[in-house]
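Count residues from 1 along the sequence.
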Amino acid sequence: MIESQQAVSPVFGRLTLEALPLHEPIVVYTFVVVALIGVAALGAVTWFRLWGYLWREWFTSVDHKKIGIMYMVLGIVMLLRGFADAIMMRLQQAMAFNGSEGYLPPEHYDQVFSAHGVIMIFFVAMPLVTGLMNYIMPLQIGARDVSFPFLNNFSFWMTAGGAVLTMLSLFIGAFARTGWLAYPPLSGIAYSPDVGVDYYIWGLQIAGVGTTLSGINLVTTIIKMRAPGMAMMRLPIFTWTALCTNVLIVATFPVLTATLALLTLDRYLGMNFFTSDFGGSPMLYVNLIWIWGHPEVYILILPVFGIYSEVASTFSGKRLFGYTSMVYATVVITILSYLVWLHHFFTMGSGASVNSFFGITTMIISIPTGAKIFNWLFTMYRGRIRFELPMMWTVAFMLTFVIGGMTGVMLAVPPADFVLHNSLFLVAHFHNVIIGGVVFGLFAGMNFWFPKAFGFRLDPFWGKFSFWFWVIGFYFAFMPLYALGLMGVTRRLRVFDDPSLQPWFVVAAFGAFLILLGILSFLVQVAVSIKNREKLRDTTGDPWNARSLEWATSSPPPDYNFAFTPVVHDVDAWWDMKQHGYTRPLAGFRPIHMPKNTGTGVFIAALSVILGFALVWYIWWLAALSFVAILAVAIGHTFDYRRSYDIPAAEIARAEEARTRLIVAGAAP
């Protein structure tokens, strides 16, 4: 057992009063603000007596729609935390010139940029993408729920548990100071003897369990629960991209789990998998982490490509151009994403042959991506385009993502990568792809499907404010980093010597401030939309005159999604039904069998957070106790045989009758 230099107490492990960062004013002020917000939120929930409602209707729900919404809420809350880190970094870099040290000490800055990457990828982008897939995909294939409803609830709470443990590191102890991928030897016990890397490991392991199980669940749902007539080549493109994404999750997240397990053995038991001693190799870690890490980029971007396909088709009033080629392009990207991981470390000295192979595969993967861009353009060509907010985000994506793609091809050339790899050019490229691709797509999807989830549209006025702040802010924030990278400015720096660089960083900080206004405008948009929901009400279930099956049911859909399972005859199933004079059945309903809510997922996730915290601080008795408690709760759950119930036919008839009245009222002049 390798321990840090401080003594390990049999009761509290490494946890002492010194673990509280009381000597860092920024952290103390942050803690006070977070504590006040938390107390206010808990007080409001208690005052309005919402605990019972939240527990019954949300926390214990196995309804894929509610779980999807909870994923989205988690992602937006964590966006505020992750973006706070980004603002702090930009301010520090804009100030730290002419002998100034800025306002962030080195160890704090390193934690901030490590936490920023971890939070944005694992706890912002992943929950938002998973939330949309959870909500929309079962509706698109005509299913009543996912294959394993309890597993869906458990997956969400494990993801939330990983986020909670990561957030705890801000106030108790410290986070990793290694960058978001925690390369050895920096993440080894010799160079990081404190708890930062341990928080990183256990936070990601807990969240990774949720992500892996969610991937298995959604793949099974798409393969086994499609409506009659929905052959694979009739799946909506968003469902195809969800399928490929979750295949990637199932194939790659176990690699991340194993990699972090080996790092854990190095740190806790003194093994040498990733050290240069006793036959280990840090490069083994780098290979393993990127065998997971590069497919992870496509796990984020593929569902978003599906969103753009749905939006381009709907708001152009046309069938998606080249459906078959879109499917093949998605599958090819899925396969090729495994064959490009080494381009992340061309500079390690593998030799010309290895670098050539991975350079060529990296260039090849741009071909199916380019084919998608052309398919969207041809879908728009001669269409009756409506520039609603989802379409505006889609057009902004196409302009912005092309720049990210071109810079990616530049980095695929090993000699160019040797020069640019450790520069701010790479930071700009990565954010170009993730913001210009993933984030823009998530906003397109949220604006597109919000009326389906809540029964009213998002306010377009504040939505356009958010759109312009985000788009303009992105260019101000990251185009200077391309220029700085070409000048040779390296990444991960806290202070700078050359004063001529400062204006570029000031412009980048201004861009980050504009993006902050974009985030705040989005929050205002949601608040204004709730306030004006009657004015923005959708009575039809199909406010955009859309094409796929999720729009065939009410907004928001009932618990059972569809009173009768739809029968599919075309790729654009709902459009085809409308063209052939589809009328809703108004009689002949039968009871529908549905899964029951359960609190087991909440309990296991909470115990997992306690287990992770105990392992971080070497509190072995608490770790053993929480592990036994997890097993007890899981075994106890297997003895719960009352896991389903029937919705009576009379209740379904009342719900469908209420929808009919709503449609008639909405159609009246």
Would Leu218 and His64 satisfy side chain to side chain contact (heavy atoms under 4.5 Å, CB included), going step by step from the backbone distance to the final call? CA-CA 11 Å; Leu218 297 183; His64 72 96; over 6 Å; no
Test side chain to side chain contact (heavy atoms under 4.5 Å, CB included) on Leu243 and Val219 and set out the steps. CA-CA 6 Å; Leu243 174 62; Val219 168; 4.3 Å; yes
For side chain to side chain contact (heavy atoms under 4.5 Å, CB included), just list the numbers for Ile403 and Tyr475, CA-CA rounded to whole Å, side-chain angles, deciding distance to a tenth of an Å, and then say yes or no. CA-CA 11 Å; Ile403 299 170; Tyr475 281 93; 3.8 Å; yes
Pair Tyr381-Leu377, side chain to side chain contact (heavy atoms under 4.5 Å, CB included): steps then yes or no: CA-CA 6 Å; Tyr381 177 64; Leu377 288 171; over 6 Å; no
Apply side-chain hydrogen bond (donor to acceptor under 3.5 Å, both in side chains) to the pair Tyr308 and Trp393, showing each step before the final yes or no. CA-CA 9 Å; Tyr308 293 128; Trp393 283 109; over 6 Å; no
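Proximity of Asn545 to Trp575: side-chain heavy atoms (C-beta onward) are separated by under 4.5 Å at one or more points. A 4.5 Å side-chain heavy-atom check between Leu256 and Glu296 finds every atom pair outside the cut-off. Residues Ile299 and Thr252 form a side-chain contact, since some pair of their non-hydrogen atoms from C-beta on lies under 4.5 Å apart. In this structure, the side chains of Asp646 and Ile592 stay at 4.5 Å or more apart for every pair of heavy atoms. At a threshold of 4.5 Å between non-hydrogen side-chain atoms, the residues Met391 and Ser316 count as touching. With a 4.5 Å cut-off on side-chain heavy atoms, Tyr135 and Pro557 count as touching. You'll find the side chain of Thr330 reaches within 4.5 Å of the side chain of Leu302, heavy atoms only. Between Val304 and Phe397, every side-chain heavy-atom pair lies at or beyond the 4.5 Å cut-off.
Proximity of a side-chain donor or acceptor of Arg234 to a complementary backbone N or O of Gly229 within less than 3.5 Å is detected. With hydrogens and angles ignored, the 3.5 Å screen pairs no side-chain donor or acceptor of Thr314 with any backbone N or O of Val311. At least one donor-acceptor pair under 3.5 Å links the side chain of Arg226 to the backbone N or O of Ile222. Proximity of a side-chain donor or acceptor of Arg643 to a complementary backbone N or O of Lys596 within less than 3.5 Å is not detected. At distances below 3.5 Å, not a single donor-acceptor pair connects side-chain atoms of Lys66 with backbone N or O atoms of Thr60. Between the Asn246 side chain and the Ile249 main chain, no donor and acceptor come within less than 3.5 Å of each other. Under the 3.5 Å distance criterion, the side-chain polar atoms of Asp459 are left unmatched by any main-chain donor or acceptor of Ser529. When atom types are taken as modelled, the side chain of Trp240 and the backbone of Met233 share no donor-acceptor pair closer than 3.5 angstrom. For the pair Asn597 (side chain) and Glu57 (backbone), a donor-acceptor distance under 3.5 Å is absent. Remark: side-chain polar atoms of Arg659 are paired, donor with acceptor, to backbone N or O of Thr540 under 3.5 angstrom.
At a cut-off of 3.5 Å, with distance as the only test, no side-chain donor of Ser309 or Tyr323 sits close to an acceptor on the other residue. Checked by atom type, the side-chain pair Ser555/Lys452 shows a donor-acceptor distance below 3.5 Å. Side chains of Gln525 and Asn447: a donor on one and an acceptor on the other come within 3.5 Å. Remark: the Thr239 side chain and the Gln140 side chain contain an N/O donor-acceptor pair separated by less than 3.5 Å. At a cut-off of 3.5 Å, with distance as the only test, no side-chain donor of Thr407 or Asn432 sits close to an acceptor on the other residue.
Under the 4.0 Å criterion applied to side-chain N and carboxylate O atoms, Glu656 and Arg584 are assigned as salt-bridge partners. A salt bridge is defined here as a Lys NZ or Arg NE, NH1 or NH2 lying under 4.0 Å from an Asp or Glu carboxylate O, and Arg319 with Asp570 meets this definition. Ion pairing of Glu534 with Arg537 is present here, as a side-chain N (NZ or NE/NH1/NH2) and a carboxylate O approach within less than 4.0 Å.
Screening Phe148, Phe156, Phe154 for a side-chain contact (heavy atoms from CB on, under 4.5 Å) involving Leu213 leaves a single residue, Phe154. When each of Met230, Arg547, Glu550 is tested with Pro236 by the rule side-chain contact (heavy atoms from CB on, under 4.5 Å), just one qualifies, namely Met230. The ring pair (Phe, Tyr, Trp, His ring centres under 6.0 Å) test with Trp292 is passed by exactly one of Phe122, Tyr298, Tyr338: Phe122. Asn152 pairs with exactly one of Val146, Val62, Thr221 by the side-chain contact (heavy atoms from CB on, under 4.5 Å) rule, that one being Val146. Only one option out of Trp449, Phe474, Trp470 pairs with Phe443 in a ring pair (Phe, Tyr, Trp, His ring centres under 6.0 Å); it is Trp470.
No more than 12 heavy atoms of other residues, nucleotides or ligands sit less than 6.0 Å from atom CZ of Phe513. Annotation: Tyr582, atom OH; neighbour count of heavy atoms from other residues, nucleotides and ligands within 6.0 Å is above 12. The 12-atom threshold is exceeded at CZ of Phe562, counting heavy atoms of other residues, nucleotides or ligands nearer than 6.0 Å. Heavy-atom contacts from other residues, nucleotides or ligands closer than 6.0 Å to CH2 of Trp468 number 12 or fewer. Within a 6.0 Å radius of CZ in Arg386, other residues, nucleotides and ligands contribute more than 12 heavy atoms. Within 6.0 Å of the OH atom in Tyr645, the count of heavy atoms belonging to other residues, nucleotides or ligands exceeds 12.
Ala396 and Val471 make their closest contact through CB-CG2, 3.9 Å (heavy atoms, listed as atom of the first residue, atom of the second, distance). Closest of all the heavy-atom pairs between Lys318 and Ser313 is O-OG, 2.6 Å. Contact record, Phe123 with Ala207: CE2-CB, 3.6 Å, taken as the closest heavy-atom pair.
In this structure, Phe150 CZ and Ser155 OG are separated by 9.0 Å, a value rounded to the nearest 0.5 Å. Asn561 contributes atom CG, which lies 6.5 Å from atom CE of Met594 (distance to the nearest 0.5 angstrom).
Ring centroids of Phe589 and Phe564 are separated by less than 6.0 Å, placing the two rings close together. Side-chain rings of Phe467 and Phe440 stay apart, their centers remaining 6.0 Å or farther from each other. You'll find the ring centres of Phe305 and Trp376 inside the 6.0 Å limit.
Between Trp544 and Phe448, the ring-plane angle classifies as parallel under the 30° and 60° cut-offs. The aromatic rings of Phe456 and Phe454 sit tilted relative to each other, their planes meeting at an angle between 30° and 60°.
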